[in-house]
Each structure stands twice: as C-alpha cells, then as structure tokens.
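Take a look at the structure set out below.
Convention: sequence-line order gives letters A, B, ...; per-chain numbering from 1.
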Amino acid sequence: MSERSSIGPVEALRLAFTEPIALAAGVSLPTWELAYETYGTLNAARSNAVLICHALSGHHHVAGYYADEPKNLGWWDNLIGPGKPLDTNRFFVVGVNNLGGCHGSTGPCSNHPGTGQPWGADFPVVTVNDWVKAQARLADVLGIDAWAAVVGGSLGGMQALQWTIDLPERVRHALVIAAAPRLTAENIAFNDVARQAILTDPEFHDGHFYRHGVRPTRGLRLARMLGHITYLSDDQMAEKFGRKRRPEAGHFGYGVEFEIESYLHYQGDKFAGYFDANTYLLMTRALDYFDPAETHGGDLAAALAAARAKFLVVAFSTDWRFSPARSREIVNALLKNKHAVSYAEITSPHGHDAFLMDDAHYHAVLAAYLRNVQI
Amino acid sequence: MSHALKRPDFDVIASWMKAGETVLDLGCGEGELLQLLAARGVRGWGIELDPGLMLAAVENGVNVIQSDLDAGLAGFEENAFDHVVLSRTLQTVRHTQQILAEMLRVGREAVVSFPNFAFWKNRMAVLNGHMPVSDDLPYQWYDTPNVRFFTMLDFEGLCEGMGVDIRDRQVLDERGAIVTEEHNFLGSLAVYRIGRGN
C-alpha cells in the first residue's frame, strides 16, 4: 500500500442544472446548483467513482484543503486520500453539498429566482429521496452510470441506503455507517427541541431573517448544543469533562462554571457563526421523514427487496443516537433478502461522533471492504 | 489466529452442499469455509464476534456479521438458510440445546463438527492422568475456550432426546483421514448433518 498522505489542495466546484427537479414536497425547482468536489481520477471505464453523502451539518468539502485556507481540512480527511482507507489512488471520490444546504448548493440562503431575495422559509422541505435524485443528476453530468460505492455516516448513511432502493442499478456497494432505518420518537423529539430553539428565536422572523439583516444565532446555538450532547457518549463526557470546573469560574451563579458547559457553549457559538438556521430546520426534517419502509407497510425488508448493492453496515458500541441495534435492523432486513452484507460493531468510546474519528480498527474494516470493491 | 493446516472437515461439510444453496456459518473465523463454499457456488454469511477475525473475514471478501452467538440467532427468520454450520465450536457454547434448536429453526438443516473426547488418545491421556491435548483439542485445561466435554455417543444421545434427526455423519482421525470403523474410539473429529426430526 502506498504511504498515507493528504490529497493536498482541492477546489470547490459548482454545477448549474437547467432542467427542473421535482421534489417530494410537490414543488419543482426550475434551476438549481450543486456544490461539489472530486478527488482522484475517474478511470476510462468510469467504474471507480465513490459518492460521499454528508450528515446534518456536513458539506462537499470532504477531503484535502483549500490552497488559500490550509487549515480548512475536509470533514472526512482522515478517511480519504492517497493510501488512506478510501484510497484516491484507486477511487474517484465525489463529495457533494446537498440541496437545501448552506455551503454553495441551492438552499434557503440562495436567492429565489423570482424575487432576487433569499428563499428563506419559502425553500421547500427536501427529503432523502430528493437528495438521491439530485445526486444522480450530478452523476449523469460526471458520466457515472453506477457508483462503485456510496458511502455515508448518520444521515449520510441513510442516503446510501436510499440509493440502493431508489436507483438499485446505479450503486454496486453501499457503506451505511452509524445510521438507522428510521428515527424513533425520541430521535424526533430531540430534533423538535432543536427546531423550537430556532423557531422561537426573535431574530428568526419566520425564516426571513436575511431581509432584517440578522441571524437567529441564539436558537442555532441551543440547537447545536443539544445536538452535540446526543453525539457524545456518557462515558466519554465523564472522562473528558467529568465535574471539572473552570479555574476562573465563580460560584453560586449561573455563569459558565463546569467544563462541559464551556465546551458546549464553544461548540454552539462556533456552529451558530456559520450555519444557516433554515438549513438546520430542513436537514432535521429530512431526518424525521426518512423511512424507506413506510411505503412498504412498515416492512424494511420489503423496501430493500429491490436493492442490488452489496452492503457494509457499521455501528459503534457507545452510539445512543443511532445505536447498534438500529443498524442490526438494517442488517436483518438485508439478510432476509439474502443480500450480500457484512456488519461491524466497533468498540468505541466516542458515541455517534465515532464515525468521524480516526480509529484504527474502524478504518481497517473500511479499508478491507473497499479493497474488495472491484473497479 | 489462522489454521496452518487445511481443515479436513471443510471438505466433508462442502460435500453436503450444492451450488445455489445458502449457508450461515456460526463462528466463521477468518471465513475460510465460506471462501471454499463460495468457490463452489454456495452463497454464505458468517457470524463472528472477535474483531480481528471479523476484519480478516472482510479482507477475505466474505459476508460476515459481527455478533455474539451467546445472544442467539434472534434476528434471523425461520428457514432463512439451507444450511447452518457450527464447525469446531459446539464445545465452546454454554447453551448447547438452545444453539442446536436455533440452528434448526433458522436452517433447513444444520452441520455440526466437534472434537470427540472419546478418541482413544484422549482416553489414554486421561488414563495417564492428564486432560487431552491434540491437534483437535489444542488447548491446555486452564486456557481452553471449551466449556462442554462430550463424545460422539453423548451427542447422538442428545439428538435422540431432542428429536433431532441425524442425516449424515463423517468421522476423521487426527490426520484428517476418514474413519470407517469404531468411530467413537478411532475418531478425533466428528462431523454431523442434522435436521428436524418428524
């Protein structure tokens, strides 16, 4: 194997689509754009393309860095690059920002073609099916008939799963990591609290805050703080923060006193500084709606009957947002169909966030699986 | 952990399966049996708990589900597979009857191979005052994963008691050669094909 190294400087690309896309919400976007990046080289047979689907707050900058921002590493840079588990010497990797996102693809903060003003709350709610449809249009333009693999963690894993159902002939392998076949009431409840934080922020202005020159940062911050709690494990929080106090903290007040508070505030502030509130609402709603079994009487195996892909399903021992038991639901539905599937349950202290971590065993499983993907 | 020698019981197991059939291999290790079966057109899935072995099975390109056999086969449907295999593992499972019943629920039939504690050299070892150690029983008493010690006669008695139908049996000596007589005395490793009795 070649030495592990960074893919190096990369460039964000943007593609404008002039054919409309019909969305599940019943509306159609006449023109729309997707921001994306590619790493490695598409081979002559066009058989080595891998799509990376992002999660709630992700985007198309998956690996490498920008020449003018050397510290802005892609969010899955530890996985993707020359000699890395998803080896760009072998694969042509595509990262895409989903429709409704806030990193360059058409979304609530894009200008509405009719008014020239940001869409804001008028941007349609999009679903995982819509994303698959949009990603397929990108594949058409890139000349990719079938992905060697579609890979995603969390909400990204749900997109990988949806690909195998909606466009079974166009995906040969699906790597479904830290995902679930549908959200539980508890999952939806967390999403609702996050949304309420945003919706009730006085600076939200019914989703049209752009025209008021403000942003609902308080709501976004709370939403992210809550989300962050669900991404970590109890054990990891205990180990990292425990009951440790800030040295300068006061006492018998309500300021930042415990280290965990400081950490959550930092994460919330950072996120609220760049993320779009309407995109956050939309992404969490897409999560809520995801349920491929719904149109098959709740039978996930029936939904997956049409799939032709081979699967690797990965879960993490301390992930309680989408626990290993949820991944096993996917595995059991695949087994019921006699689909090719492997399942790894990685022992990790990092909770749901583990899918982003550079864990040797986890990455070894992905690397081993990907080496057997024929191109 | 890899087997330096070819596993003679694998040839016996493979001879009982046809191309196009499906198999679930419990405790599949690095997936060698599944690889052998795949080359013969049998579609297989393995279950393996050990992370290192599970990784090796992925490297070997077989389907492997990381799961604990002691938790049973609850996620699997009835008659999901043509065959369910438990090779050289029954003696390590605490709930013997439960796993046999589960195998015959999930599989149309099951294959079980295990070291025969009544093999003459094992009997000699005990007569000489020691627990047996051999190629088929490669562990010392203090580090063995084996928790159930039984003979071919014992196994056949259990099958009768459970109403399990013995459909085929092959017995191998230490070198992997087929034993044709005095099986419970000359056999070091026993391989059974079993099904639900009428």
Side-chain angles (χ1 to χ4, degrees), chain A residues 1 85 149 172-177 181 299-302 304-305 307 309-317 323-348 354 359-375, chain B residues 2 17 19-31 34-35 37-39 41-84 102-103 105-108:
Chain A
M1 196 199 283
R172 292 194 286 119
H173 293 266
L175 281 72
V176 180
I177 304 167
D299 183 350
L300 183 64
L304 282 163
K310 297 178 175 176
F311 291 81
L312 175 65
V313 179
V314 180
F316 298 91
S317 57
S323 71
R326 308 307 315 283
S327 284
R328 281 302 298 264
E329 291 175 35
I330 298 171
V331 171
N332 290 344
L334 292 169
L335 283 170
K336 197 172 172 186
N337 284 297
K338 298 292 190 303
H339 290 322
V341 54
S342 285
Y343 168 66
E345 191 172 311
I346 311 289
T347 301
S348 161
D359 175 275
H361 178 64
Y362 162 48
H363 276 190
V365 170
L366 296 187
Y369 186 86
L370 287 164
R371 269 197 298 276
N372 285 321
V373 170
Q374 290 180 4
I375 59 170
Chain B
S2 69
M17 295 176 191
E21 290 187 327
T22 57
V23 59
L24 179 67
D25 185 6
L26 307 182
C28 69
E30 298 179 357
L34 292 171
Q35 278 186 299
L37 292 171
V42 178
R43 300 182 60 219
W45 292 259
I47 293 185
E48 180 55 58
L49 179 62
D50 180 84
L53 294 174
M54 186 275 168
L55 171 60
V58 173
E59 281 168 354
N60 286 330
V62 303
N63 297 311
V64 55
I65 310 298
Q66 192 174 5
S67 184
D68 187 355
L69 279 185
D70 283 340
L73 301 175
F76 295 93
E77 306 264 309
E78 279 178 35
N79 291 316
F81 300 90
D82 293 313
H83 309 272
V84 179
E102 276 288 273
M103 289 172 76
R105 178 182 68 82
V106 168
R108 202 168 45 75

Handout entry: Region of A:Val331 that comes under 4.5 Å of a non-hydrogen atom in chain B
Key =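 The side chain, not the backbone.
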Handout entry: B:Asn63 side, atom CG; A:Lys310 side, atom NZ - distance, nearest 0.5 Å
Key =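 Reported to 0.5 Å precision, the distance equals 8.0 Å.
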Handout entry: B:Met54 side, atom CE; A:Tyr343 side, atom OH - distance, nearest 0.5 Å
Key =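 It is 9.0 Å, given to the nearest 0.5 Å.
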Exercise: identify the closest heavy-atom pair between [X] and [Y]:
{"X": "B:Leu55", "Y": "A:His361", "result": "CB-CE1, 4.1 Å"}
{"X": "A:Glu345", "Y": "B:Gln66", "result": "N-OE1, 2.8 Å"}
{"X": "A:Val341", "Y": "B:Ile65", "result": "O-CD1, 3.7 Å"}

Problem - Side chain, backbone, both or neither of B:Glu59 within contact of chain A (heavy atoms, under 4.5 Å) - result: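 Contact with chain A involves both backbone and side-chain atoms of B:Glu59.
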Problem - Cationic tip of A:Lys338 above B:Phe81 ring, under 6.0 Å, 45° of axis - result: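 The answer is yes, since A:Lys338 meets both limits relative to B:Phe81.
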Practice task
Heavy-atom pairs under 4.5 Å with chain A are the metric here; pick the option from B:Thr22, B:Val58, B:Asn60, B:Val62 that has the most.
Solution key: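 That would be B:Val58.
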